[in-house]
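Inspection log for the structure reproduced underneath, given as C-alpha cells.
The basis for the numbers below is simple: all heavy atoms, side chains too, and nothing from hydrogens, waters or symmetry mates. All chains are named by letter (A, B, ...) in the order of the sequence lines, taking the proteins before the strands, and each is independently numbered beginning at 1.
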Number of protein chains: 2
Amino acid sequence: MASDHTRSAILAAAERLYADRGFGDVTLRDIVAEAGVNLAAVNYHFGSKDELIAELFVTRSVQTNRERLRELKAAEEDGGGRAPIEVILRALVGPTLRGCLGPENQRSTAARFMIRASIESVPPIRRIKNREIDHLRKFAGAMRRALPERSEVDIYWGLNFALAMAHHTIRESERLTKLSEGKCDLDDVEDVVARVVSVATMALTAGRAETKAPPRVAAR
Amino acid sequence: MASDHTRSAILAAAERLYADRGFGDVTLRDIVAEAGVNLAAVNYHFGSKDELIAELFVTRSVQTNRERLRELKAAEEDGGGRAPIEVILRALVGPTLRGCLGPENQRSTAARFMIRASIESVPPIRRIKNREIDHLRKFAGAMRRALPERSEVDIYWGLNFALAMAHHTIRESERLTKLSEGKCDLDDVEDVVARVVSVATMALTAGRAETKAPPRVAAR
DNA sequence: GATAGTTTCATACAAGTGTTTGAATTGCAA
DNA sequence: TTGCAATTCAAACACTTGTATGAAACTATC
C-alpha cells in the first residue's frame with residue numbers, strides 16, 4: 001500500500017483545478033504540476049484520466065447526498081415522519097449553497113467541484129449521474145408527505161424550481177453581483193438560503209385554484 | 001462576393017453541432033464534415049475557429065435580445081410606460097423557453113445554441129458576454145417601474161430567480177421528465193412559461209413584511 | 001477565350017493531448 | 001545487507017487539434 005501520498009495529492013490538485021477552471025481546459029500535465037508529481041503517476045494510480053474524474057465525482061457525490069439526507073432524516077423524525085416543507089427544502093439546497101457561496105476563503109472546493117460537474121457534464125460523469133435521480137426521488141417523497149393535498153406534478157415542479165434557483169445563483173453569482181452593483185450580498189449565505197427556500201415554498205403552497213394552470217396574462 | 005454558400009453552410013452546421021453536443025467535443029473537422037466543405041474553408045471564411053464561434057454567438061445574441069426587448073417595449077407602451085410584472089417576466093423568459101422546449105421538431109437550433117453558450121462559456125464567448133448585463137439592466141428597470149414600492153435588491157433577486165427557473169428547466173428538462181416519470185409535460189411550453197412567470201411573480205410580490213429577511217425556519 | 005481574382009482542395013505542420021514504456025529509485029522484509 | 005516488489009521518473013508514443021500552404025478549380029470581366 002505504501003504512502004498513498006501521491007494518490008491523494010493528485011486527487012486534491014485535480015479537484016481544485018477542475019473546480020476553478022472546469023473540465024474543459026485542465027490537462028493531466030496541469031494536474032501533475034499542481035500536485036508536484038510525475039505525469040505517469042495518474043495512469044499508474046488511477047488507470048486513466050476518466051477514472052480519476054469518476055472517482056472524484058463518486059466520492060463527492062455520496063458525501064453531498066449523505067449530508068442532505070442526514071438533514072432530511074433528522075427533520076422527518078422530529079416531525080414524526082412528516083417534516084415542514086421549508087425544512088425539507090432547506091435540507092435540499094442548504095448544503096450546496098453553503099459550500100459554494102460565502103466568503104471566498106471558506107468556500108469548499110468539494111462543493112465547487114460538484115457544481116462544475118453538474119454544469120459541464122463530461123462523459124465519465126454523465127455515466128454515473130443517473131443515480132442522482134434516485135436521490136432526488138427521496139426528497140420528492142418527503143415533499144409529498146409534507147403536502148399531501150398537492151398534486152404530484154406540482155411537487156416535481158417545486159423541486160425543480162428549488163434546485164434551479166440554488167444552482168443558478170451559484171453559477172451566475174458573479175453576474176448577479178455585477179448586475180446589482182453589489183447590492184445582492186452573496187456572502188450572506190443564510191440570507192440566500194432563506195430566499196430560495198421562501199420562494200420555493202411559495203411555489204409549492206400557493207393558492208390551490210391556480211395550480212394546474214396559473215393565471216395566464218395576455219402576451220404583449 | 002460570390003456565393004456565400006460555403007460560409008452559411010459552415011455557420012449552420014456549426015450551430016447545429018454546438019447546440020447538440022456542446023463546444024467541448026466538436027472539432028473543426030466535425031463541422032466541415034457536417035457542412036460538406038473543405039477543412040480549410042473555416043479559416044478562409046472566418047479567420048479562426050474562435051472567430052466563427054464569436055460570430056455565431058453575436059448574431060444569435062442580438063436576435064434574442066431584440067426579440068425580448070420588442071415584447072418588453074410593446075408591453076410598456078401599452079401600459080403607458082409601466083407594464084404589469086407578469087408581462088415583463090414573460091418577455092424575459094418566454095422567447096428562450098419557447099425556442100428550447102416544445103415538440104422536438106420545432107425546437108430552434110438557435111435557442112439551443114444560446115443555452116449551450118450560457119452554460120459552457122468558452123473563451124471567445126466569455127469575452128462578449130459582459131454586454132448581456134446591460135441588456136438585463138433594461139429588464140431590471142422595467143421591473144422597478146412595475147413595482148416601485150419594492151426594494152432594488154428584491155428586484156434583482158426576482159430577476160435572478162426567473163432566469164434561474166427558465167434556464168435550469170431547459171438544461172435539465174430530460175432529468176425532470178425522467179424524475180417525474182413523464183408527469184411534467186415539457187412539451188406544453190405555454191404551461192411551463194406560465195409556471196415560471198407565476199412563481200417569479202410571487203417571489204416579487206410576496207408580503208412586504210418579510211422582504212429583507214424571509215421567515216427563517218429552524219434548521220433541522 | 002484569355003486573364004485576374006476568388007474560392008476550394010489535399011496536404012502538411014506545429015503544438016498539445018492522454019497513454020505507455022522501461023529504466024531508475026525507493027521502501028521494506030528476510 | 002540482500003532481494004524484491006512497489007513506486008517514481010524521463011522520455012517517447014500515437015493521436016487529435018487548429019492552422020498554414022501552395023496548387024488547382026472556378027467565376028466573372030474584358
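- By the neighbour-count criterion of 12 heavy atoms within 6.0 Å, atom NZ of A:K183 is densely surrounded, having more than that number from other residues, nucleotides or ligands.
- For A:R131, the CZ atom counts as loosely surrounded, since its 6.0 Å shell holds 12 or fewer non-hydrogen atoms of other residues, nucleotides or ligands.
- A:F23 and A:F113 have perpendicular rings, their planes meeting at more than 60° on a 0 to 90° scale where under 30° would count as parallel.
- Comment: A:R195 engages A:D191 in a salt bridge, judged by a side-chain N to carboxylate O separation of less than 4.0 angstrom.
- Per the geometry, CZ belonging to B:R7 stands 15 Å off C1' belonging to C:dT6, to the nearest Å.
- Taking atom CG on B:D50 and atom P on D:dG18, their separation rounds to 10 Å, with Å as the unit.
- Within residues 23-45 of chain B, the residues having any heavy atom under 4.0 Å from DNA chain D are, by residue number, B:T27, B:L28, B:R29, B:L39, B:A40, B:N43.
- The interatomic distance linking B:K49 (NZ) with D:dT19 (C1') rounds to 12 Å, in whole Å.
- The aromatic rings of A:H135 and A:F139 sit perpendicular, their planes meeting at an angle over 60°, well past the 30° parallel limit.
- Using a 4.0 Å cut-off between charged nitrogen and carboxylate oxygen, A:K178 and A:E172 do not count as a salt-bridge pair.
- Under 4.0 angstrom from either OP1 or OP2 of C:dT8 there lies at least one side-chain N or O belonging to B:T6.
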